[in-house]
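For the numbers below, each heavy atom of this structure counts, side chains included, while hydrogens, waters and symmetry mates do not. All values reported here derive from a predicted model rather than from experimental measurement.
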Amino acid sequence: TMKNPVPQAASLLLEKLLLLVHVRTLPSGSGGEPPPPAPDYYDTSCFKRGDLLEVPRTLFIHFGIYLGENRVAHLMPDILPALTGDRRQIQQVVTNKRLILGVITKTASIRVDTVEDFAYGGSILVNHMDRLFEDQVLASEEAARRAEKLVGATAYSLLWNNCEHFVTYCRYGAPVSFQTDKFCETLKMIIRDQRSVLASVLVGLASIACLGLAPSTTLPTIFIPFVLWMAG
């Protein structure tokens with residue numbers, strides 16, 4: 001029997017969107033990664049060991065667990081741990097190439113970085129998810145120890161093992177990803193409503209014809225026809 005291709009197409013779509021979230025745009029003419037923020041960019045005195053840190057990105061949110069002393073444990077797609085055991089190389093800031101290859105090969109690492117490297121200039125929210133779990137919040141030291149035990153190479157899946165799964169397991173005892181679930185539900189609604197899909201496609205084609213290709217506005221309409229074709 002042939003497997004339903006819709007979940008596979010949805011997974012592919014989510015992974016493509018992930019690249020927009022994590023990939024850092026390099027300055028024009030730059031041959032390497034842009035320099036991280038200055039060491040004093042963030043005031044870490046308000047962070048406590050075991051805190052859950054969130055950094056809003058373009059489409060998704062990146063998560064980490066604060067370990068104290070300006071260190072954050074977080075999960076990132078990365079091909080390098082599968083290729084070498086050299087800790088000095090692995091600990092260097094993850095480049096675009098390493099991240100993209102990690103997504104493609106479904107490999108990642110739970111790594112410890114400075115707050116500056118983790119946030120990469122973004123604003124940080126502290127324990128913002130606690131309101132969703134109420135009495136499930138574990139002791140701060142337990143959350144930090146869970147994160148420390150998991151540091152190292154791991155499998156990667158946007159649907160089943162991403163940075164949000166990692167932090168919710170550490171702080172709340174259950175690996176879940178609300179943003180992935182929400183996106184999947186939205187995608188299902190779009191696929192079910194053929195009229196909305198047709199309207200989206202027409203709007204996207206009109207935008208391309210009249211305004212030129214604008215990734216921020218036409219990206220969803222590019223993937224929707226592909227998903228429909230796979231589902232049909």
Side-chain angles (χ1 to χ4, degrees), residues 3 5-26 31-34 36 52-67 71-120 122 143-172 174-181 183-184 187 219 223 226 230:
K3 293 183 178 180
V6 173
Q8 297 177 6
S11 178
L12 176 62
L13 170 59
L14 288 169
E15 289 179 359
K16 296 300 183 184
L17 290 176
L18 176 73
L19 297 182
L20 299 180
V21 180
H22 286 289
V23 173
R24 300 153 180 159
T25 303
L26 301 183
E33 295 293 330
L52 191 158
L53 307 184
E54 301 180 30
V55 179
R57 297 282 173 87
T58 305
L59 296 172
F60 290 111
I61 299 172
H62 189 51
F63 296 88
I65 297 291
Y66 187 64
L67 302 179
R71 298 174 302 131
V72 182
H74 60 127
L75 187 154
M76 283 194 69
D78 187 5
I79 186 63
L80 202 56
L83 302 178
T84 179
D86 189 332
R87 293 185 178 181
R88 288 180 298 179
Q89 291 185 39
I90 294 173
Q91 191 56 37
Q92 294 177 1
V93 176
V94 178
T95 62
N96 294 347
K97 184 177 180 180
R98 284 169 57 181
L99 187 147
I100 293 172
L101 290 175
V103 171
I104 294 173
T105 59
K106 299 185 184 299
T107 58
S109 66
I110 295 171
R111 51 187 288 128
V112 177
D113 286 309
T114 64
V115 170
E116 292 76 26
D117 285 343
F118 162 74
Y120 217 80
R145 288 180 178 178
R146 284 188 174 212
E148 290 171 335
K149 288 179 181 179
L150 293 173
V151 169
T154 185
Y156 176 77
S157 168
L158 186 57
L159 294 178
W160 312 117
N161 190 38
N162 61 36
C163 62
E164 189 175 7
H165 291 105
F166 165 65
V167 298
T168 52
Y169 166 74
C170 292
R171 188 166 176 84
Y172 311 117
V176 297
S177 177
F178 291 109
Q179 57 185 347
T180 301
D181 292 343
F183 190 89
C184 288
L187 185 61
L219 179 64
F223 281 105
F226 170 75
M230 290 288 290

Inset, instruction - Of all the heavy-atom pairs spanning Asp78 and Arg98, show the shortest one and how long it is. - result: OD2-NH2, 2.6 Å

Inset, instruction - Return each pair, listed once, that meets ring pair (Phe, Tyr, Trp, His ring centres under 6.0 Å) where at least one residue sits in residues 87-114; pairs must be two or more places apart or across chains. - result: none

Legend entry - Working for side chain to side chain contact (heavy atoms under 4.5 Å, CB included), residues Val115 and Tyr66: CA-CA 8 Å; Val115 170; Tyr66 187 64; 3.8 Å; yes

Legend entry - side chain to side chain contact (heavy atoms under 4.5 Å, CB included) partners for Ile90, two or more places apart: Leu80, Pro81, Thr84

Inset, instruction - Would you please name every residue forming a side-chain hydrogen bond (donor to acceptor under 3.5 Å, both in side chains) with Arg71, sequence neighbours left out? - result: none

Legend entry - Residue list, side chain to side chain contact (heavy atoms under 4.5 Å, CB included) with Ala108, at least two apart or on another chain: Leu75, Thr154, Tyr156

Inset, instruction - State the CZ-OH distance between Arg57 and Tyr120, to the nearest 0.5 angstrom. - result: 10.0 Å

Legend entry - Contacts of Phe63 that satisfy ring pair (Phe, Tyr, Trp, His ring centres under 6.0 Å) - sequence neighbours left out: none

Inset, instruction - Could you pull out the closest heavy-atom pair between Thr180 and Leu158, with the gap in Å? - result: OG1-O, 3.5 Å

Legend entry - Of all pairs that satisfy salt bridge (charged side-chain N to carboxylate O under 4.0 Å, His left out), the ones with a partner from residues 144-170, not counting sequence neighbours: Arg49-Glu148, Glu141-Arg145, Glu142-Arg146

Legend entry - Leu150 to Cys170 - nearest heavy-atom pair and separation: CD1-SG, 4.4 Å

Inset, instruction - Return the minimal non-hydrogen interatomic distance between Ala73 and Leu67, and the atom names on each side. - result: CB-CD1, 3.9 Å

Inset, instruction - Starting at CG of Asp117, measure out to CE of Met76 and round the result to the nearest 0.5 Å. - result: 10.0 Å

Legend entry - Donor-acceptor contact present, side-chain Thr107 to main-chain Ala155, <3.5 Å: no

Legend entry - Rounded distance (nearest 0.5 Å) linking atom OG1 of Thr105 with atom CD1 of Ile100: 11.5 Å

Legend entry - Partner set under side-chain hydrogen bond (donor to acceptor under 3.5 Å, both in side chains) for Gln89, not counting sequence neighbours: Asp86

Inset, instruction - Could I get the full list of side chain to side chain contact (heavy atoms under 4.5 Å, CB included) partners for Tyr172, not counting sequence neighbours? - result: Leu52, Met129, Asp130, Phe133, Val137, Thr168

Legend entry - Residue pairs fulfilling ring pair (Phe, Tyr, Trp, His ring centres under 6.0 Å) with at least one residue in residues 71-90, sequence neighbours excluded: His62-His74, His74-Phe118

Legend entry - Partner residues of Pro56 under the side chain to side chain contact (heavy atoms under 4.5 Å, CB included) criterion, sequence neighbours left out: Ser123

Inset, instruction - Identify the heavy atoms of Pro77 and Val103 that sit nearest to each other, and give their distance. - result: CB-CG2, 3.7 Å

Legend entry - Ala143 to Ile65 - nearest heavy-atom pair and separation: O-CG2, 4.2 Å

